[in-house]
2 protein chains.
Amino acid sequence: MPTIDVHTHMYPPALMSVLRERKAVPYVRLFEDDVQSGERLVILPAEESGSTARGRPIGPEYYDVIQKIKFMDTHGIDISVVSIANPWLDWVSKDEAGPMAQTVNDDVERMCVENEGRLYHFGTLPLSAAVEDVVKEVERLKSLTHCRGIVMGTSGLGQGLDDARLDPIWQAIEQQQLLVFLHPHYGLPREVFGPRNGDYGHVLPLAMGFPLETTIAVTRMILSGIFDRFRDLNVLLAHSGGTLPFLAGRIESCIAHDAHLKKAGKIGGRRAVWDVLKKNIYLDAVIYADVGLKAAINASGADRIMFGTDHPFFPPLDEEDDQWLSVTSNMSAIKSALKGDEKVEQDILGGNAARVLRLTT
Amino acid sequence: MPTIDVHTHMYPPALMSVLRERKAVPYVRLFEDDVQSGERLVILPAEESGSTARGRPIGPEYYDVIQKIKFMDTHGIDISVVSIANPWLDWVSKDEAGPMAQTVNDDVERMCVENEGRLYHFGTLPLSAAVEDVVKEVERLKSLTHCRGIVMGTSGLGQGLDDARLDPIWQAIEQQQLLVFLHPHYGLPREVFGPRNGDYGHVLPLAMGFPLETTIAVTRMILSGIFDRFRDLNVLLAHSGGTLPFLAGRIESCIAHDAHLKKAGKIGGRRAVWDVLKKNIYLDAVIYADVGLKAAINASGADRIMFGTDHPFFPPLDEEDDQWLSVTSNMSAIKSALKGDEKVEQDILGGNAARVLRLTT
């Protein structure tokens with residue numbers, strides 16, 4: 001049974017060229033006051049200022065497919081389903097978005113072709129383009145033989161994923177049987193982390209802002225009825241659903257007790273969050289501990305959980321470490337949660353992804 | 001074995017008088033354009049405007065101890081450990097805070113005395129007063145024979161619970177062996193829930209804002225080293241820890257991979273989040289589903305989980321319902337998570353609270 005990584009990022013060379021030319025987030029550059037640390041990648045507004053260094057060092061692991069394969073070999077990963085990393089093409093102007101999405105998606109497809117059997121990918125949509133152009137790219141993606149889905153942030157057309165204007169896009173995605181990989185980027189406003197946030201490095205926004213962004217986004221999708229209108233739409237949630245498995249009961253309870261929703265006739269007839277979790281949602285296993293992973297399994301079912309690494313983010317702080325702690329802790333969590341049930345362990349490590357995404361080595 | 005509710009609120013009569021006189025949040029009043037719905041309680045700034053009705057109807061279940069006892073009898077609850085509800089005394093001026101805390105705490109103690117064996121309480125601190133006056137109230141609370149802890153929001157002295165100026169207060173609480181019941185109130189800024197937030201009633205801020213506020217607050221406490229300095233400080237987290245059980249692995253991973261924390265020498269030597277969860281933290285069982293409850297048990301241990309109701313919040317929408325869904329769903333979650341292990345079920349329903357809080361019927 002293959003080991004398959006469904007949460008792994010690359011900035012393909014075509015995108016790197018663009019990021020190196022840019023002067024605002026997201027961008028890649030040398031900083032004059034810190035040239036010795038080499039090129040740095042800044043993808044979050046919060047990384048622009050504050051007490052910590054701007055962005056992160058960016059080396060070939062971010063854009064060189066040879067490094068991706070090497071990382072996979074080191075960790076026993078047979079197949080990676082790569083997606084470009086946040087913030088995807090959220091920042092591209094309306095006119096440039098369509099052509100840039102094609103360029104980027106084609107460049108990732110090229111890498112997959114050149115590494116047949118090792119790489120598949122989730123494409124990227126030009127969401128700032130006209131809706132009909134977005135739909136066209138969805139249809140075009142289906143023709144890329146290694147594309148199995150679409151990585152998507154939480155902003156949609158600028159007003160979130162519960163925006164009815166997205167319906168033609170959801171419809172196209174459902175028709176093409178592409179999996180939406182929903183991934184956070186914007187986190188939460190910095191002030192929610194308090195005045196001493198900077199003392200804790202990036203821990204609070206990364207550990208809490210990202211998962212909440214995902215949870216809010218998917219709950220808005222559920223509350224707006226997307227999964228009632230598109231019952232075969234399938235979404236893979238990053239970081240084991242953010243916090244959805246843990247909070248689903250509270251969300252259901254808040255719905256059942258909401259006078260406004262009752263008055264609007266929206267409590268009866270809707271699909272329960274648990275039903276969506278078990279029929280439309282897949283969860284990656286990027287949660288770093290068995291407590292969270294067991295909750296993910298209990299929420300969606302062990303046949304809907306898929307191993308991931310979040311590579312090349314979270315590299316080891318000791319550069320000589322060969323195995324990445326961020327990867328081994330996710331692998332250990334699977335072993336620990338399954339307690340020797342090797343069949344289910346293998347399903348989560350790769351069997352589920354192979355089945356759902358129709359992958360062959 | 002008694003059933004004990006550790007998460008249950010009251011606005012005692014002494015506090016109700018003050019809330020009825022106030023003209024800004026938090027307050028209780030009739031609204032001229034909606035007199036027929038009676039007195040309404042507005043405790044959240046978000047309830048002041050928007051498409052939904054202001055605040056919530058407030059009846060005797062919020063302030064009449066007879067109603068609390070009746071609710072307990074209906075649901076088979078032997079003992080309630082009541083706390084006043086958010087936003088506690090966060091809004092009181094510096095000079096008024098000390099006397100008001102005494103008045104409110106004494107009024108709650110009176111209700112406990114008048115219902116011997118049924119009621120205990122968590123007191124409230126005058127956090128806007130001078131620190132030495134706060135410490136005096138901590139010491140005075142210990143002399144109230146039914147007080148077992150202190151309910152506390154997340155704002156501390158105005159800058160959060162990771163504020164070093166709180167150290168004398170933590171020290172006094174630790175010395176007096178009082179349990180801190182950490183409870184959210186401020187949630188998250190409304191904009192994080194998107195432009196259609198109002199269409200979903202109060203679901204998003206209640207279901208997600210509150211738990212995240214708790215998670216951020218306790219993580220800030222951990223990161224600032226409070227549990228290293230006060231190793232016997234015990235904290236009961238509302239709503240099963242917000243999202244801490246689910247996110248603890250990610251928090252640990254983000255710490256272990258943070259270059260800023262490494263440079264500051266803050267990665268080694270610290271206590272792991274898991275260690276704090278198992279030695280300093282207790283979790284209520286107000287999570288409405290077995291998936292979340294199991295995660296709470298796995299994170300802290302079944303001997304650290306305590307049943308709660310959040311009464312009088314989340315009343316049934318059908319007023320003729322005798323049993324409250326918000327209560328029965330939490331009771332069902334315990335049964336479902338424990339799968340017939342009656343000993344542990346009884347521990348969570350009351351045994352743990354009786355032991356930890358030294359309660360006798």
Side-chain angles (χ1 to χ4, degrees), chain A residues 51-53 159-160 162 188-189 191-196 199-204 206-208 211-212 215-216 219-220 223-224 239 243 245-262 267 287-292 294-295 298-299 314-317 325-326 329 333, chain B residues 51-53 159-160 162 188-189 191-196 199-204 206-208 211-212 215-216 219-220 223-224 239 243 245-262 267 287-292 294-295 298-299 314-317 325-326 329 333:
Chain A
S51 63
T52 55
Q159 296 203 352
D162 55 351
L188 295 172
E191 68 265 24
V192 309
F193 300 114
R196 281 163 294 274
D199 294 352
Y200 315 133
H202 295 302
V203 171
L204 294 174
L206 276 181
M208 271 158 250
L212 242 284
T215 316
I216 292 170
T219 307
R220 286 169 63 181
L223 288 169
S224 69
H239 314 117
T243 64
F246 191 73
L247 289 183
R250 184 171 172 90
I251 295 166
E252 271 294 312
S253 183
C254 285
I255 294 170
H257 290 92
D258 196 277
H260 176 80
L261 289 183
K262 188 187 178 194
I267 294 187
I287 187 73
Y288 308 101
D290 62 352
V291 173
K294 282 184 206 167
N298 289 334
F314 302 105
L317 291 182
L325 172 66
S326 55
S329 57
Chain B
S51 63
T52 56
Q159 295 203 350
D162 55 351
L188 294 172
E191 69 265 25
V192 309
F193 300 114
R196 283 163 292 275
D199 294 352
Y200 315 134
H202 295 302
V203 172
L204 294 175
L206 276 180
M208 271 157 251
L212 242 284
T215 316
I216 293 170
T219 307
R220 286 169 63 182
L223 289 168
S224 68
H239 314 116
T243 63
F246 191 73
L247 290 183
R250 184 170 171 89
I251 296 167
E252 271 294 311
S253 183
C254 285
I255 294 171
H257 291 92
D258 197 276
H260 176 79
L261 290 183
K262 188 188 179 195
I267 294 187
I287 187 75
Y288 308 101
D290 62 351
V291 173
K294 282 184 206 166
N298 289 335
F314 302 104
L317 291 182
L325 173 66
S326 55
S329 56

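- Distance check: B:Phe246 CZ to A:His239 NE2 gives 11.0 Å after rounding to the nearest 0.5 Å.
- No side-chain heavy atom of A:Leu325 sits under 4.5 Å from any side-chain heavy atom of A:Pro316.
- Note on A:Arg196, A:Arg220, A:Met208: by heavy-atom pairs under 4.5 Å with chain B, the leading option is A:Arg196.
- With sequence neighbours excluded, the residues forming a ring pair (Phe, Tyr, Trp, His ring centres under 6.0 Å) with A:Phe314 are B:His257, listed by chain and number.
- When all heavy atoms are compared, the tightest approach of A:Ala295 to B:Val291 is O-CG1, 3.4 Å.
- Chosen from A:Ala256, A:Ala259, A:Gly249, the residue pairing most often with chain B at heavy-atom distances under 4.5 Å is A:Gly249.
- No other option in B:Thr215, B:Thr219, B:Thr243 has as many heavy-atom pairs under 4.5 Å with chain A as B:Thr243.
- With sequence neighbours excluded, no residue forms a side chain to side chain donor-acceptor pair (under 3.5 Å) with B:Asn298.
- Taking NE2 of A:His202 as the reference point, atom CZ of A:Phe193 lies at 12.5 Å (rounded to 0.5 Å).
- Put simply, of B:Leu261, B:Ile255, B:Leu212, the one with the most heavy-atom pairs under 4.5 Å next to chain A is B:Leu212.
- Between chain B and the options A:Pro189, A:Pro195, A:Gly160, heavy-atom pairs under 4.5 Å are most frequent for A:Pro195.
- The CG atom of B:Asp162 sits 5.0 Å away from the OG atom of B:Ser224 when rounded to the nearest 0.5 Å.
- The residue among B:Ala289, B:Ser329, B:Ser253 with the most heavy atom pairs within less than 4.5 Å of chain A is B:Ser253.
- The candidate from B:Ala333, B:Pro315, B:Ala248 with the greatest count of non-hydrogen atom pairs under 4.5 Å with chain A is B:Pro315.
- Contact annotation for A:Glu252: neither backbone nor side-chain heavy atoms come within less than 4.5 Å of a heavy atom of chain B.
- Between chain A and the options B:Leu188, B:Leu223, B:Ile287, heavy-atom pairs under 4.5 Å are most frequent for B:Leu223.
- With a threshold of 4.5 angstrom between heavy atoms, A:Leu204 approaches chain B through side-chain atoms but not through N, CA, C or O.
- Note on A:Asp290, A:Ile267, A:Leu206: by heavy-atom pairs under 4.5 Å with chain B, the leading option is A:Leu206.
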